[in-house]
Amino acid sequence: MERFDFQKEFPILQRKMNGQPLVYLDNGATTQKPEKVVQALCNYYGGCNANPHRGAYELSVQATGIYEKARAHAQRFIHAGKPEEIVFTKNATEALNLVAYSYGLPFVGPGDEIVITVTEHHSNLVPWQMVAKQKQASLKYIYLEPDGNLSEEDMETKITERTKVVAVTHVSNVLGLVNDVRRVADKAHSVGAVCVVDGSQSAPHMAVDVQRLGADFFAFSGHKLLSPMGIGVLYGREALLEKMPPFLRGGDMIEYVEEQDASFAELPAKFEAGTQNVGGAAGLDAAMEYLESFTFSKIRQNEQDLLDYALPRLRELPFIELYGCDSRRDNKTGIITFNVKGVHPHDVATILDAQGVAIRAGHHCAQPLMRYLGQNATCRASFYLYNTKEDIERWIAALHEVRKVMRL
Ligand SMILES: Cc1ncc(COP(=O)(O)O)c(C=O)c1O
């Protein structure tokens with residue numbers, strides 16, 4: 001990765017922030033976009049823009065082709081069985097809400113259980129609270145081992161004969177730890193439950209095979225893997241998508257509409273109501289191609305190298321507290337969550353920003369996990385393929401500046 005000219009491919013990385021060259025370490029929130037992706041978006045709007053699936057004219061046929069090509073690519077990208085199992089959404093949040101509304105509400109009943117983990121992002125948590133409340137079901141949590149991995153005991157005991165849904169994040173956006181989704185899915189299936197996987201922090205960073213994982217549903221956002229904002233993916237097993245009612249209703253998702261009733265289109269159109277984000281799909285297609293040109297083993301290796309470089313240096317700093325960095329397993333992605341002792345994370349982020357270093361500070365949309373960790377907020381540095389050891393040096397130098405400014 002070191003030899004590739006990412007500064008050229010991602011012009012935004014040449015920008016200065018507060019007079020300093022930008023070090024972008026907030027990839028868990030969103031990633032920067034390479035020229036090829038920006039170009040794909042421009043090419044679509046500049047040369048192919050039309051409403052897909054509707055027009056009987058050539059331009060609309062071309063727009064449909066671009067959209068469906070992206071779907072077929074997304075299918076290959078996560079090894080889904082068929083393109084019909086790929087539903088485009090606006091982001092992971094909408095994909096997970098689709099599952100909660102169209103699977104949770106119809107198929108969870110009073111006295112049933114929904115099991116999630118305490119590491120869930122609010123997007124895979126708040127929708128399940130809604131289902132549990134509306135259906136008088138209980139919402140149960142899998143908690144953590146001391147090293148941040150999912151509790152073995154909870155995985156065995158919390159999923160029971162009454163469990164209908166198990167929702168688990170593949171990678172925690174706070175701890176960066178890869179959960180053993182296959183194991184969770186096997187346990188869910190052994191009691192007849194479905195396994196809903198939030199792949200927002202895994203799909204951008206590792207090769208994903210939804211069938212090997214045993215995921216019944218798998219959601220991710222394009223913008224966290226180099227794509228434009230406004231395009232997301234939901235994979236659902238065909239047999240489940242077939243029996244689910246639509247999520248949103250309107251144009252494009254129907255077969256026939258009478259005055260009082262309607263029948264619905266085949267998959268995946270049944271779940272894609274209204275005009276879709278064809279430009280976003282074109283960008284997603286280009287982004288997946290870009291990532292595949294590097295291979296995920298190289299992308300993961302780069303993140304591993306950055307972790308190996310950063311963690312010993314951070315551990316030497318007595319004013320830094322780390323979270324999720326003690327896993328006994330080799331299962332960490334490029335996310336380092338930390339606090340500077342006695343300094344509010346927002347102050348840390350502001351001082352780092354003055355040095356040109358962009359990190360995330362706050363609860364990371366994971367308030368139950370924050371409470372579980374005994375913190376109101378933390379700082380998070382998250383890496384991607386264009387980050388380098390020089391970025392780590394700049395970040396750590398900026399942390400020394402925090403100590404100086406705050407007189408620690
Ligand atoms: C683990 C996880 N799930 C879901 C989301 C929600 O993604 P989006 O805001 O793109 O819907 C995020 C975003 O930070 C995330 O990290």
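We count ligands from 1, going down the list as the structure has it; atoms in each ligand are counted the same way. Note that these values count all heavy atoms, side chains included, but never hydrogens, waters or copies made by symmetry.
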### Message
Please confirm whether the ring centroid of F217 lies under 6.0 Å from the ring centroid of F271.
### Response
no
Sorted by chain and number, sequence neighbours left out, side chain to side chain donor-acceptor pair (under 3.5 Å) with H73 holds for D285, E292
Sub-3.5 Å pairs, protein N or O with ligand 1 N or O:
unit_1	atom_1	unit_2	atom_2	d
ligand 1	3 (N)	D198	OD1	3.4
ligand 1	3 (N)	D198	OD2	2.5
ligand 1	3 (N)	S200	OG	3.2
ligand 1	10 (O)	S221	OG	2.6
ligand 1	10 (O)	H223	NE2	2.7
ligand 1	11 (O)	A92	N	3.4
ligand 1	11 (O)	T93	N	2.9
ligand 1	11 (O)	T93	OG1	2.5
ligand 1	14 (O)	H121	NE2	3.4
ligand 1	14 (O)	K224	NZ	2.6
ligand 1	16 (O)	Q201	NE2	2.7

Original post:
Does E401 come within less than 4.0 Å of K404, counting only side-chain N to carboxylate O?
Top reply: yes
Would you say the rings of H363 and H122 are close, in the sense that their centroids are separated by under 6.0 Å?
yes
Original post:
Do Y67 and Y44 have ring centroids that are under 6.0 Å from one another?
Top reply: no
### Query
Any side-chain heavy atom of V194 sitting closer than 4.5 Å to one from F107?
no
